[in-house]
Amino acid sequence: GPHCHAPDCLSMELYNADTGRLLCHMEPVFGKSDRLYDEKGYVALPPCLWGDAADGLLEPELLSLDTELLSIKRNNNTVGHYGEMASWQMRGIVVPKQSTSPEYASSKSPRHGWIRFLEDDILV
């Protein structure tokens, strides 16, 4: 999922640049109390989750290996912070295309596949 440094990170978005489709939008959640996972002074970066619709999740996206992605990070530059950065920490799996060709069916080459989102991550 998205990763950026607080306290100046306002949001991050990941788009399929080929289609303009928004794949992930994240806004940090700032802690407000002394309860576990809501500690004042700390920030949580909620992941984007895909999976089974029966679990209330979006269906995983299929991206071809040549899909162009666009990342946008919004930052509050009035808050001083050294080492400002943003990145997407992602994982995915290669899903082979369906084919009746024996050569294709036995191929393990990623160039024959698609990238599929897994949980909060993708492979780029």
Side-chain angles (χ1 to χ4, degrees):
H3 176 84
C4 56
H5 289 171
D8 46 358
C9 179
L10 298 177
S11 68
M12 285 183 66
E13 295 170 345
L14 185 65
Y15 288 88
N16 178 332
D18 297 334
T19 66
R21 178 178 163 87
L22 177 64
L23 302 174
C24 179
H25 172 82
M26 181 283 305
E27 293 182 23
V29 177
F30 294 90
K32 301 179 200 98
S33 71
D34 54 357
R35 292 185 333 213
L36 185 62
Y37 302 117
D38 186 42
E39 295 93 345
K40 191 171 187 173
Y42 288 87
V43 64
L45 302 176
C48 294
L49 299 174
W50 294 269
D52 193 333
D55 295 326
L57 300 172
L58 297 172
E59 183 177 332
E61 292 281 335
L62 288 174
L63 302 174
S64 64
L65 293 174
D66 62 350
T67 300
E68 301 246 353
L69 299 176
L70 169 68
S71 176
I72 297 175
K73 179 197 175 218
R74 289 177 183 81
N75 202 64
N76 179 352
N77 67 359
T78 64
V79 178
H81 184 77
Y82 294 104
E84 186 49 42
M85 54 72 65
S87 66
W88 291 88
Q89 300 173 340
M90 304 175 257
R91 294 178 301 271
I93 61 172
V94 176
V95 178
K97 292 181 183 178
Q98 300 295 327
S99 175
T100 57
S101 164
E103 172 196 347
Y104 183 81
S106 65
S107 174
K108 301 272 188 207
S109 172
R111 73 177 181 271
H112 294 295
W114 297 85
I115 298 171
R116 186 174 185 102
F117 285 109
L118 279 181
E119 299 175 348
D120 63 340
D121 298 313
I122 62 167
L123 173 69
V124 292

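Asp38 is linked by a salt bridge (Lys or Arg N to Asp or Glu O under 4.0 Å) to Arg35, counting only residues two or more places apart in sequence or in another chain. Partners of His25 by ring-ring contact (aromatic ring centres under 6.0 Å, His included), not counting sequence neighbours: none found. For Ser71, the side-chain hydrogen bond (donor to acceptor under 3.5 Å, both in side chains) test picks out Trp88, with sequence neighbours left out. For Asp66, the side-chain contact (heavy atoms from CB on, under 4.5 Å) partners two or more places apart in sequence, or in a different chain, are Ser64. Checked against side-chain contact (heavy atoms from CB on, under 4.5 Å), Asn77 has no partners two or more places apart in sequence or in another chain.
Put simply, SG on Cys24 and CG on Leu69 are 11.5 Å apart, with the number rounded to the nearest 0.5 Å. Annotation: the span from Met26 atom CE to Ser11 atom OG amounts to 7.0 Å, rounded to 0.5 Å. To the nearest 0.5 Å, atoms CZ (Arg21) and CG (Leu63) are separated by 9.5 Å. Here CH2 of Trp50 is found 10.5 Å from CG of Leu57. Values are rounded to the nearest 0.5 Å. Between Asp8 atom CG and Asn75 atom CG the span is 4.0 Å, to the nearest 0.5 Å.
Residues Leu36 make up the rest of the hydrophobic cluster containing Tyr37, defined by ILVMFWY side-chain heavy atoms closer than 4.5 Å, directly or through other members. Other residues sharing the hydrophobic cluster of Leu10, ordered by chain and number and joined by side-chain separations under 4.5 Å: none, the residue standing alone.
In this structure, Pro46 and Val29 have side chains that are in contact, with non-hydrogen atoms separated by less than 4.5 Å. In this structure, the side chains of Leu14 and Met12 stay at 4.5 Å or more apart for every pair of heavy atoms. Side-chain contact between Leu49 and Asp55: absent, with no pair of heavy atoms (C-beta onward) separated by less than 4.5 Å.
By the 6.0 Å contact criterion, CD on Glu39 is enclosed, its count of non-hydrogen atoms from other residues, nucleotides or ligands being greater than 12.
Cluster membership check: Leu70 does not share its hydrophobic cluster with Leu23, using side-chain heavy-atom separations under 4.5 Å among Ile, Leu, Val, Met, Phe, Trp and Tyr.
For the pair Pro28 and Leu45, the tightest heavy-atom approach, listed with the atom from each and the gap, is CB-CD2, 3.9 Å.
Sorted by first and then second residue, the salt bridge (Lys or Arg N to Asp or Glu O under 4.0 Å) pairs with a member in residues 70-81 read Glu13-Arg74, Lys73-Glu84; sequence neighbours excluded.
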